[in-house]
Amino acid sequence: MTGTGPGTGIPAEHRLIYALDRMTLAEAIASVRRLCGVIKIFKVGPALIYEGGLQAARQIAQAGGDQGVRIFLDMKTWDIPETVRNTLDAIEQFGAGTVLFATLHAQALTRNAAVQPQAKRSFKLLAVTHLTSLGQADLAAMGIALSVGDYVLRMAERARESGCDGVICSGEEVGRIKARLGAAFLAVTPGIRPGGASVSQEDQQRIVTPRQAILNGADYLVVGRPIREASDPLGAAQAIQAEIADALRERG
Ligand code: C5P
């Protein structure tokens, strides 16, 4: 699969990010070796970092050999500005060349305490707006009267004002974010379920298919269980890549 998808010039085969969840470092490395012909970006979360530190991220990227594998470091930092800055400095110092994306929580951002300037970062910084496992009732329980769509948009605005490169949101909110904040502000969408409502959502509440996420304007799709738990993970990844490529052509 080659070519760049229309819009932001991202190579089509880079748009699928595989979440290396519920596996040891050894299993993650084996998984990257099996899938790196089809997937180029792998998401590493706290469990793998607790096991092997940022060195684990480097080992995982190296498992891709000459395939140009890069890491989505999903630590979802949520702290005071000084600690956030320290965290980002550490990612820069220890992860440069390996880490392509890192995440923090949009709620922790304030306009007057912006994260370090984009020019100084070798990675893209993404803000989590509202976890895709949460819905309207969860916002209400937190005492927030906004609709999910309005809340996610507000968090996205804060993220852009604070100097983030984009957000994590569900495929349902992408269209409004792109319309308000422009095509260059990245939208990365988990909560992807090929086959839509006919498949198990597990703990996810706001789900869309790969096709719908791309048609709504998503730049990158994060997928975990639909690949990991498939009887043929490589085949599942290839099918999602094909669906993304078709949707990019349809998006035009
Ligand atoms: O298995 P599944 O495809 O549901 O995995 C989705 C991945 O995306 C998980 O690794 C989860 O941590 C991550 N994620 C999410 N919702 C967010 C941000 C990240 O599901 N808002």
Side-chain angles (χ1 to χ4, degrees), residues 17 19-22 41-54 56-57 71-96 98-118 120-170 172-174 177 181 185-191 202-206 219-220 222 224:
I17 299 169
L20 295 167
D21 293 330
R22 287 203 71 79
I41 307 176
F42 291 83
K43 188 171 87 71
V44 170
L48 285 170
I49 297 299
Y50 291 146
E51 182 182 342
L54 259 181
I71 300 300
F72 181 126
L73 185 64
D74 193 19
M75 299 299 277
K76 297 189 179 68
T77 304
W78 185 338
D79 219 307
I80 61 170
E82 173 67 6
T83 306
V84 169
R85 271 191 293 271
N86 288 342
T87 304
L88 299 182
D89 286 349
I91 297 171
E92 186 64 54
Q93 192 180 342
F94 301 110
T98 298
V99 175
L100 180 60
F101 296 110
T103 55
L104 44 64
H105 273 283
Q107 288 90 338
L109 296 168
T110 53
R111 196 197 310 215
N112 58 2
V115 292
Q116 97 229 55
Q118 277 159 307
K120 287 197 178 171
R121 290 198 297 267
S122 60
F123 57 91
K124 305 258 182 233
L125 186 59
L126 304 172
V128 178
T129 53
H130 188 48
L131 292 169
T132 43
S133 54
L134 303 176
Q136 191 65 55
D138 300 292
L139 274 187
M142 289 184 257
I144 297 168
L146 296 174
S147 69
V148 169
D150 288 347
Y151 179 75
V152 168
L153 192 57
R154 185 167 294 185
M155 290 298 119
E157 285 169 340
R158 283 169 74 92
R160 200 181 64 162
E161 286 164 4
S162 306
C164 293
D165 300 283
V167 285
I168 314 283
C169 61
S170 91
E172 294 173 359
E173 297 104 35
V174 174
I177 290 173
L181 301 178
F185 190 68
L186 296 173
V188 179
T189 60
E202 286 103 356
D203 52 3
Q204 299 284 19
Q205 284 200 48
R206 296 173 4 258
D219 296 296
Y220 296 89
V222 178

[X] (side chain) donor-acceptor with [Y] (main chain) under 3.5 angstrom:
X	Y	result
Ser162	Cys164	no
Gln205	Thr132	no
Arg206	Gly135	no
Thr103	Ala127	no
Glu173	Leu153	no
Asp219	Ala187	yes
Gln93	Leu88	no
Arg160	Leu181	yes

Shortest non-hydrogen separation from [X] to [Y] and the atoms involved:
X	Y	answer
Gln136	Ser147	OE1-CA, 3.4 Å
Ala102	Ile91	CB-CD1, 3.9 Å
Ala19	Gly224	CB-CA, 3.9 Å
Gly45	Met75	C-SD, 4.0 Å
Asp21	Lys43	OD1-NZ, 4.3 Å

[Y] side chain reached by [X] side chain, heavy atoms, under 4.5 Å:
X	Y	result
Arg121	Asp165	yes
Val167	Phe185	yes
Phe123	Leu73	no
Leu131	Lys76	yes
Val44	Ile49	yes
Leu48	Leu20	yes

inquiry  = Angle between ring planes, Tyr220 versus Phe101, binned at 30° and 60°: parallel, tilted or perpendicular?
reply    = perpendicular
Interatomic distance, [X] atom [atom1] to [Y] atom [atom2] [nearest 0.5 angstrom]:
X	Y	atom1	atom2	answer
Arg158	Thr129	CZ	OG1	12.5 Å
Ile168	Asp74	CD1	CG	6.5 Å
Cys169	Leu126	SG	CG	10.0 Å
Asn86	Thr77	CG	OG1	11.0 Å
Ile144	Leu139	CD1	CG	5.0 Å
Lys124	Phe72	NZ	CZ	13.5 Å

request  = May I ask you to decide whether Arg154 forms a salt bridge with Glu157, counting only side-chain N to carboxylate O separations under 4.0 Å?
outcome  =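 Glu157 and Arg154: not salt-bridged.
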inquiry  = I need the single residue from Leu109, Leu125, Asp89, Leu104 that forms a side chain to side chain contact (heavy atoms under 4.5 Å, CB included) with Val84. Which is it?
reply    = Leu104
